[in-house]
Every structure is written in C-alpha cells, then in structure tokens.
Amino acid sequence: MRQNEERDVYMIALGSDHAGYRLKQEIIKYLDSHGFDWKDYGTFSEESCDYPVYAQAVARAILDGDCDRGLLFCGTGVGIAMAANKVPGIRAASCSDVFSAEMCRRHNNAQILALGGRVVGTGLAEKLVEVFLAAEFEGGRHARRVEMIDGIK
Ligand code: RB5
C-alpha cells in the first residue's frame with residue numbers, strides 16, 4: 001500500500017457488466033474527487049455483456065498485485081461477486097448496507113466490494129465505497145477464519 005500525507009492510497013480495480021456500468025461511472029467521479037487511483041477493466045458501454053469476464057479480470061489484477069482493492073458492479077452485485085469468489089484467494093462481498101461494507105473488510109478481509117446498479121443509488125454506493133476503502137482488516141481470530149475460507153477447495 002502506498003502512502004500519502006493523509007492516508008493510505010489504493011490502486012483500485014474497477015469492473016462491471018452493462019447493468020453496473022452507469023453506477024461504475026458515478027463511482028469513478030467519486031474516486032476522482034477523493035484522490036483515489038483506479039484502473040477500469042471494463043466493460044466500457046451499456047451494451048449487453050457477461051459479468052464473469054470482468055469479475056475475473058479484477059480478481060486477477062488483485063492477485064497479481066496490480067491493484068489493492070476491487071470494486072465490481074452488476075445489476076444486483078450478486079452474480080459478479082459469485083464469479084470473483086470462484087478465483088482462489090479472492091474474497092468479494094456483495095453489500096447494500098454500510099455496516100456490512102465496513103465489516104467485510106474488518107472481519108473478512110474482503111479485497112472486493114460488489115455493488116448492484118439496480119439496487120443501490122449513487123449516494124449510498126458512495127458511502128459503501130467510502131467505508132470499504134477506509135476500513136482495515138482486524139486480524140487476530142478473524143485471520144484464522146479467513147485462512148479457513150481460503151482453505152476450502
Ligand atoms: C444482467 O441482466 C444481470 O443479470 C447481471 O447484471 C447481474 O445482476 C447478475 O447477477
């Protein structure tokens with residue numbers, strides 16, 4: 001994680017399908033206005049496409065160390081999280097409430113937050129992203145449980 005004077009700076013991997021594209025564009029504005037760096041792994045329009053493609057691209061960017069965190073967007077946030085979680089070592093959480101978006105970092109060490117463009121509005125999505133990016137993993141007893149998750153084959 002790189003540092004600036006105020007806080008950790010993350011490289012954030014973004015991915016969406018057509019149904020999450022518009023919310024992704026809103027979150028890009030939010031990230032820009034808050035000084036976050038990001039890379040967009042697609043899709044780049046609202047033309048119908050398949051969310052597993054973009055889930056896998058973001059998951060690989062994190063595992064390869066190109067990005068620190070991921071934000072994924074589809075219609076519900078569910079399918080794209082399911083796809084990302086198929087990549088060993090990736091923990092993606094589909095959230096539409098602020099408490100879960102924070103706790104998936106603190107307790108589950110999720111690297112990816114998945115949001116539903118047909119579920120949450122822009123204001124709530126911005127708050128979910130804010131708490132997800134700010135929260136750190138607590139480790140301790142939670143580390144053992146996360147290791148157990150990663151050990152499931
Ligand atoms: C696309 O219509 C929709 O199924 C997809 O974006 C997502 O919601 C799947 O989980």
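Basis for what follows: all heavy atoms, side chains included, without hydrogens, waters or symmetry-related copies. Ligands are counted one by one from 1 in listed order, and the atoms in each one are counted from 1 as well.
With hydrogens and angles disregarded, no donor-acceptor distance shorter than 3.5 Å links the side chain of E138 to the backbone of N109. For S100 (side chain) and D97 (main-chain N/O), no donor-acceptor pair under 3.5 Å exists by modelled atom type.
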Start with the C-alpha gap between L71 and I12, add the side-chain angles, then the distance that decides, and say whether side chain to side chain contact (heavy atoms under 4.5 Å, CB included) holds. CA-CA 7 Å; L71 299 174; I12 299 163; 3.8 Å; yes
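Residues V129 and L115 meet the side-chain proximity criterion, which asks for heavy atoms closer than 4.5 Å. Looking at D66 and K39, their side chains come closer than 4.5 Å, going by heavy atoms from C-beta outward.
A salt bridge links E26 and K29; the closest N-O separation between the charged side-chain nitrogens and carboxylate oxygens is under 4.0 Å. Ion pairing between E136 and R106 fails under the 4.0 Å rule for side-chain N and carboxylate O.
Using a 4.0 Å cut-off between heavy atoms, A19 contacts ligand 1 through its side chain alone, with no backbone atom that close. Only the side chain of D17 comes within 4.0 Å of ligand 1, counting heavy atoms alone; its backbone N, CA, C and O stay farther away. Counting heavy atoms under 4.0 Å from ligand 1, residue M82 does not touch it at all.
Applying the 4.0 Å criterion to heavy atoms of C74 picks out, from ligand 1, the atoms 6 (O), 7 (C), 8 (O), 9 (C), 10 (O). Ligand 1 places these atoms under 4.0 Å from at least one heavy atom of T76: 8 (O), 10 (O). Taking every heavy atom of G75 and a limit of under 4.0 angstrom, the matching atoms of ligand 1 come to 5 (C), 6 (O), 7 (C), 8 (O).
Looking from atom 4 (O) of ligand 1 to the surrounding protein, the closest heavy atom is Y51 CE2, 4.5 Å. For atom 3 (C) of ligand 1, the nearest protein heavy atom (residue, atom name, distance) is R118 NH1, 3.9 Å. Closest protein heavy atom to atom 10 (O) of ligand 1: G79 N, 2.9 Å.
In this structure, K24 fails the cation-pi test against Y54, since its NZ or CZ atom is not both closer than 6.0 Å to the six-membered ring centre and inside 45 degrees of the ring normal.
Under a 4.0 Å heavy-atom criterion, H18 is in contact with ligand 1.
The shortest N/O to N/O separation between G77 and ligand 1 does not fall below 3.5 Å.
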